[in-house]
Novice: 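Would you mind keeping the following structure in view while I ask a few things?
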Amino acid sequence: MCRNIHTLYNLDPPATAEEVRDAALQYVRKISGFTKPSQANAEAFERAVDAVAVASGRLLGELVTARWVQRQAV
């Protein structure tokens with residue numbers, strides 16, 4: 001149903017807002033079972049994607065590590 005969600009933390013260059021939102025979309029698709037929600041569920045689906053993206057972005061911004069930064073394939 002959905003592709004794998006990749007690690008977005010500790011990358012160079014850092015993950016973009018679009019990458020974080022794409023991961024949030026994949027997560028919501030996975031847990032809801034919908035690849036595209038019906039019109040009746042579209043608003044709730046989008047609110048969930050937005051909330052997960054915000055929480056994920058906050059998490060990525062607050063994490064700390066001593067590990068080397070991973071180079072991202074561009």
Side-chain angles (χ1 to χ4, degrees):
M1 174 194 313
C2 64
R3 62 187 181 265
N4 291 331
I5 298 173
H6 302 283
T7 301
L8 297 179
Y9 176 63
N10 201 28
L11 298 177
D12 181 31
T16 65
E18 181 181 0
E19 290 171 317
V20 172
R21 190 167 194 324
D22 287 347
L25 175 60
Q26 291 303 315
Y27 175 75
V28 172
R29 284 178 174 171
K30 185 68 168 182
I31 65 168
S32 69
F34 298 123
T35 52
K36 182 170 168 104
S38 66
Q39 287 183 338
N41 293 320
E43 278 188 42
F45 190 89
E46 285 301 314
R47 278 194 306 271
V49 172
D50 291 342
V52 171
V54 167
S56 298
R58 187 177 328 119
L59 173 66
L60 292 172
E62 294 176 1
L63 292 174
V64 294
T65 186
R67 285 183 51 197
W68 290 93
V69 174
Q70 301 171 28
R71 298 274 180 217
Q72 203 176 167
V74 180

Novice: With sequence neighbours excluded, give me every salt bridge (charged side-chain N to carboxylate O under 4.0 Å, His left out) pair touching residues 49-60.
Specialist: Arg21-Asp50
Novice: Return the CG to OG1 distance between Asp22 and Thr16, rounded to the nearest 0.5 Å.
Specialist: 7.5 Å
Novice: Which heavy atom in Val64 sits nearest to a heavy atom in Tyr9, and how many Å separate them?
Specialist: C-OH, 3.2 Å
Novice: Do you reckon Leu59 sits in the same ILVMFWY cluster as Val54, going by side-chain contacts under 4.5 Å, direct or chained?
Specialist: no
Novice: Got a second to check how far Leu60's CG is from Glu19's CD, nearest 0.5 Å?
Specialist: 10.5 Å
Novice: Give me the atom names and distance for the closest heavy-atom approach of Thr7 to Leu11.
Specialist: O-CD1, 3.6 Å
Novice: How close do Ala15 and Val20 get, counting heavy atoms only, and between which atoms?
Specialist: CB-CG2, 4.4 Å
Novice: Restricting to non-hydrogen atoms, name the atom on Ala24 and the atom on Ala53 that form the minimum distance, rounded to 0.1 Å.
Specialist: CB-N, 3.6 Å
Novice: I'd like to know if the side chain of Glu46 and the backbone of Glu43 have a donor-acceptor N/O pair within less than 3.5 Å.
Specialist: no
Novice: Do you know the tightest heavy-atom contact between Ala42 and Pro37?
Specialist: CA-CG, 4.0 Å
